[in-house]
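Report on one structure; see the data block that follows.
Lettering of chains follows the sequences in order, A, B, ..., and the numbering in each one begins at 1.
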Amino acid sequence: MFGKGIIKGFIETARNFAGSYHDPARMVTLQYPEEKRALPENSRNFPFLVFDGNDPIKGLRCVSCKICEKECPPQCIYIVNERDERGKPLKHPKIFDIDISVCMSCQICVEVCPFDSIKMDQAYELSATERFKKLILHKQDLAKSNDYYHRIHPTEADAVDAILEAERKQHEAKKSAASSETPPAKQ
Amino acid sequence: MINTGLAAIFLWAGLEQGLGKLLDHGLSLLPPAWRTWATIVVLVGVMLGVFASLFALSTLLERKGLGRMQNRLGPNRVGPYGLLQPVADGIKMLTKEDIVPRGADGVVHFLAPLVLFAPLTLSFAVLPYGRHWVPLNLDAGLLFFFAAGSASELAAFMAGWSSRNKYSMLGGMRAIAQMISFEMPLVVASLSVVMISGTMSLAAIVERQEAWLWIFPKWNVFTPWGLAGFGLFIVAAMAETNRSPFDLPEGESEIIGGFMTEYSGFKYAVFFMGEYFGMFAVSGLAVTLFLGGWNAPLSFLPASFLWFFAKLMALVLVFIWVRGTLPRVRVDQLMNLAWKYLFPMTLLNLFVAALWHYTAVWRAPGGLALRWVLCFAAIAVPCAVLARAMMRSHKWAPRVYRFGD
Amino acid sequence: MQITFYIFGLLVIVGAAGAVSLRKPIHCALSLAVSLAAVAGHFLLLGAEFAGFAQILVYVGAVAILMVFVILLTRENTPGEGLGVGRWMIGAGVAAGVFGVIAACALASKAVWVASAQPEATARGIGEQLMGAYVLPMEALGLLLTVAGIGAVVVAMPDKKVL
Amino acid sequence: MADIGMESAVGISAAGDGAGPGYRLLAKESPEEEGRFLEISMGPQHPSTHGVFRMDVLLDGETVVRLKPVFGYLHRNHEKIAEGTTYLGSMPYTDRLDYFNSMTNNWAYALAVEKLAGISVPERAEYIRVITAEMTRLQNHATLMGFLLQDLGAMGTPLMYAFREREKILDLFEAVSGSRMMCNYMRFGGCRVDLPSGWLEETVRLVDEFPGFLDEFEALLAENEILMARLQGVGVLSAALAVNAGVTGPMLRASGVNYDIRKVDHYGIYDRFKFRVPLGAHGDCYDRLMLRLLEMRESIKILKQALKQIPSGPVIDPKVKIRNFKPKPGEAYGRIEGPKWELGFYLMSDGSASPYRYRVRPPSLINLTVLEDLCIGQKVADVVVILGSVDIVLGEVDR
């Protein structure tokens, strides 16, 4: 019968019209600034640096090995070593910048980091009023505590803590042996 | 609940009477020489005000309704429930830059929205909004309506041609072809009403429908020819007002914005408003011709212009529903629909109306039912057969698929 | 109603003048449409509702559109070179002659002056006239139009089915 | 009258065979044809070109006489970048090829590298790959149908329904990979992380509910007379032309050729699942649309089986190095049946950390090559519909 398909379509849209008032499966809109979706644990946005203890700069796990800088596909990480007065590089970054206007959130820096010092953040409200300077995050912007890491990625952070603890114990046990093998990359 | 509703309706009817009296009284206070002009000013002001606010309301309704049909919320940020959204849109439109392409024909480009808009507002003058509420009760009101509407074709062409844009040109061509083609079925569909009512005065047409079968109204739509005519009229009206699924002249996904591509700011707003006003005008005509105008839907309810606007808005909602559901047809299919389907069917409907008229003498019990069945079959069967034949000839059919392993 | 008469009269004249003097053909057609619409206004002023509305519907809604369409579909859409003075003069002479003849006829005719005595040209009246006294010419016209319509379809029909 | 002009123009296009200026000559210089055709440039700013894509269209009235696709507006140097970066470093870039289907892009690339380096994939990872790939197929096909209907002028209603369902799938993708669209989830030798707890149950629920949505969609589309009128007999692609032009995927199957890489190539673990390959008979837009609907139903079958069978175990081969990944010199071609069509990665290794040659077989581009053949003789309104039914993503066309 001619018109059957069209009438079916009308019924369908009417059903959706009514459904949008009572059926949460149909009305999936979240009104963003007021309502926010709970992010899944794995959710990632831009990297941050984990620090232990209370001092965000001194406690950084980062040893400035520059592996992430090298592996980063869009080359958005910039690291300069801290040096002591004689110019010998220290295991600490002097500059650690991430240009989040370039970063593509691929998480490769996290995967290649042997020291579990760089992790993915979940903060997504990062809009700025300027295109260049304000979108470059510096060391002090990037440093976030281990507690914060536990808050956003609890499962992953527990696993990381367990590994680090095991390593530390192993390290203490073999204190006599000076060689510290780079632990295998996680994940 | 029902009682309150009834009370409200009667209260409104009383108010309406009072309002009319008050208006008359107020006008009679003026010196006689001024009365005509004062009446004109009041009428024009009220009509423009009412339809402009109706326009604001229906843009909001459309966006909300479409949103809900698409499982979205629709505008809800400006004012409570987004009610002030049309105001915000208006401010936006008014403050936007008015861009005229360098190669455009400035004068024609400027005139096109006006030529579209002015005649459309004229056509509101002949619609009967309530008993004695006809701004301009012309003897040939229906003809006036179509005459006023015919200028919009010229406007679409002017807009398309003057923009000096190929998409605008295509849109303009489509608009003319479409409007001319669908004016035929539109006029012929309303002719059946003229034939039965014996008058072209819209007020008189509504008065003819003021009859009751027990408590149910005897509107034209409740006759076989009226039902078919109403359906055909609405389809033609959708095309005439460039509403989806016949919105080819704008054909957003194909030719960007059609003849409105190069319009911005206030001129675009006027086009936009013109589109809605066209929809109101043609819905108002449909209400007048087929749905009993200002007559109440049940005999014991008072007549009021509220009914007219309620019916008009109901039709507008149908338009919105259609827009939310159907994809657009193609230009050749549109022409086929107009000339090979709607036009012959409306012509046939004239004969069915005549048949209905001449079988009115069958007074025997069951005569009405027989009349109904006969007339309905006379229009419905050809409609279905022709539709089937068209589908067949193009080999349009649902398909069954085979599977490979 | 005097003022409206003069306004419409001015529109008729200005439109007609524009139709012959503007450079772009489309502008000419559009100003002709203005002129035709203003003529319809005159009909309405004379109380001939049906004729007035039919004038708008047919001339503005169809004839002007048709002209515009034809102009659009012809190849040369740019303004041509202006006519020479001599040809302007000839044209003006012909126009003046035609105007003179029509004006003479109109002045000589008594119908113009007794217009108010005529019965009102209502739709019903026209319909009764057409279906009564003039039924044969009307049927002939209808037949002619049908033939023309069929002819147009045949001409426009493609030689073989495309799609 | 119209068809004469069309034929003559087609004749010239056949004779010139891809010679760009051929039709310009016809349009501009032959005096009797002047003013007859209208040349319009659809895109790169056009609502229905699905991105920055341009079509140089020559119209006779509204009939398309000649159509020339113009690409390159979104060229991002993908292949050359990949030759300068590590093997792993290209993985996030593959997300951005066909940004609707990052999971399958990841898989195709991982497959190529695994072939190159001879890496095996743990059982559980194979299942996860199939599950995510089929979910990708579901969301891609649903959205494609929505977009096609949008091109037809259906005011976004089907598109919104499709997006509603797609959001649910993307939520699951985010839960597993951390990102909704740029998943970057597959790794050489498996997947990056194991599924989070509760994910499989969520997926089972989604898969159970999805057919309801498909029924709804079918009610909205399948028998709609306007839709049939708009799509049936439009943009017919013959099987011979499809095969010759290298067209793959649903578009090829709509022309009636039974060729599905899941069946033909036996990649992954598709041999273990029972599913059928729907085939069209007419090769028109309607077939292409309906085939995708049917494919979604088959995908649901696969998903149901996979979700039932999925074993526990590791998700990645622990032997595969993340840093200093240097496959032996050699070459490999990995291809999968992507949601759109055959997606292939060709890699040539010289033993260093980055590929010597990296080449994507961009199915969107290859399937676009037949666009002109599909569009000639159709109306301008059909062009956007045909383009929509081809289902391109410009990120992949231009790379």
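Interface residue B:L66: only side-chain heavy atoms are found under 4.5 Å from chain D. No part of D:V264 comes within reach of chain B, as not one of its non-hydrogen atoms sits under 4.5 angstrom from that chain. Heavy atoms closer than 4.5 Å to chain B are found in the side chain of D:L294, but not in its backbone. Proximity to chain D (any heavy atom under 4.5 Å) is shown, for B:V329, by both the backbone and the side chain.
Among all heavy-atom pairs drawn from B:P327 and D:L227, the shortest one is CG-CD1, 3.9 Å.
With sequence neighbours excluded, the residues that form a side-chain contact (heavy atoms from CB on, under 4.5 Å) with B:A269 are B:M93, B:F266. Applying the side-chain contact (heavy atoms from CB on, under 4.5 Å) rule to B:V385 yields the partners B:V381; only residues at least two apart in sequence or on another chain are considered. Partners of B:A236 under the side-chain contact (heavy atoms from CB on, under 4.5 Å) rule, at least two apart in sequence or in another chain, are B:F182, B:P185, B:L186, B:L342.
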Please tabulate the donor-acceptor pairs under 3.5 angstrom that span chain D and chain B, backbone and side chains included.
{"from": "D:E39", "atom 1": "O", "to": "B:K166", "atom 2": "NZ", "distance (Å)": "2.5"}
{"from": "D:S41", "atom 1": "O", "to": "B:Y167", "atom 2": "OH", "distance (Å)": "3.0"}
{"from": "D:H46", "atom 1": "NE2", "to": "B:E254", "atom 2": "O", "distance (Å)": "2.8"}
{"from": "D:S48", "atom 1": "OG", "to": "B:S253", "atom 2": "O", "distance (Å)": "2.5"}
{"from": "D:E62", "atom 1": "OE1", "to": "B:R174", "atom 2": "NE", "distance (Å)": "3.3"}
{"from": "D:E62", "atom 1": "OE1", "to": "B:R174", "atom 2": "NH2", "distance (Å)": "2.8"}
{"from": "D:E62", "atom 1": "OE2", "to": "B:R174", "atom 2": "NE", "distance (Å)": "2.5"}
{"from": "D:D151", "atom 1": "O", "to": "B:S253", "atom 2": "OG", "distance (Å)": "2.6"}
{"from": "D:L152", "atom 1": "O", "to": "B:R328", "atom 2": "N", "distance (Å)": "2.7"}
{"from": "D:M155", "atom 1": "O", "to": "B:Q70", "atom 2": "NE2", "distance (Å)": "2.5"}
{"from": "D:T157", "atom 1": "OG1", "to": "B:Q70", "atom 2": "NE2", "distance (Å)": "3.3"}
{"from": "D:T157", "atom 1": "OG1", "to": "B:G324", "atom 2": "O", "distance (Å)": "2.4"}
{"from": "D:Y161", "atom 1": "OH", "to": "B:M69", "atom 2": "O", "distance (Å)": "2.5"}
{"from": "D:A229", "atom 1": "O", "to": "B:Q333", "atom 2": "NE2", "distance (Å)": "2.7"}
{"from": "D:R230", "atom 1": "NH1", "to": "B:R328", "atom 2": "O", "distance (Å)": "2.8"}
{"from": "D:Q232", "atom 1": "OE1", "to": "B:A397", "atom 2": "N", "distance (Å)": "3.0"}
{"from": "D:Q232", "atom 1": "NE2", "to": "B:A397", "atom 2": "O", "distance (Å)": "2.6"}
{"from": "D:V277", "atom 1": "N", "to": "B:G404", "atom 2": "O", "distance (Å)": "2.7"}
{"from": "D:V277", "atom 1": "O", "to": "B:G404", "atom 2": "N", "distance (Å)": "2.6"}
{"from": "D:L279", "atom 1": "N", "to": "B:R402", "atom 2": "O", "distance (Å)": "2.8"}
{"from": "D:H282", "atom 1": "ND1", "to": "B:R399", "atom 2": "NH1", "distance (Å)": "3.4"}
{"from": "D:D284", "atom 1": "OD1", "to": "B:R399", "atom 2": "NH1", "distance (Å)": "2.9"}
{"from": "D:D284", "atom 1": "OD2", "to": "B:R399", "atom 2": "NH1", "distance (Å)": "3.2"}
{"from": "D:D284", "atom 1": "OD2", "to": "B:R399", "atom 2": "NH2", "distance (Å)": "2.7"}
{"from": "D:D287", "atom 1": "OD1", "to": "B:R399", "atom 2": "NH1", "distance (Å)": "2.7"}
{"from": "D:D287", "atom 1": "OD1", "to": "B:Y401", "atom 2": "OH", "distance (Å)": "2.6"}
{"from": "D:D382", "atom 1": "OD1", "to": "B:R330", "atom 2": "NH1", "distance (Å)": "3.2"}
{"from": "D:D382", "atom 1": "OD2", "to": "B:R330", "atom 2": "NH1", "distance (Å)": "2.8"}

Exercise. Run the side chain to side chain contact (heavy atoms under 4.5 Å, CB included) check on D:I40 and B:L170 step by step: do they pass?
Worked result: CA-CA 10 Å; D:I40 62 173; B:L170 277 176; 4.3 Å; yes
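A 4.5 Å side-chain heavy-atom check between D:M160 and B:M69 finds every atom pair outside the cut-off.
Interface summary for chain B: among D:A381, D:A229, D:P158, D:P278, the most heavy-atom pairs under 4.5 angstrom belong to D:A229. Highest contact tally toward chain B, considering only D:V384, D:I226, D:L220, is held by D:I226 [criterion: heavy-atom pairs under 4.5 Å].
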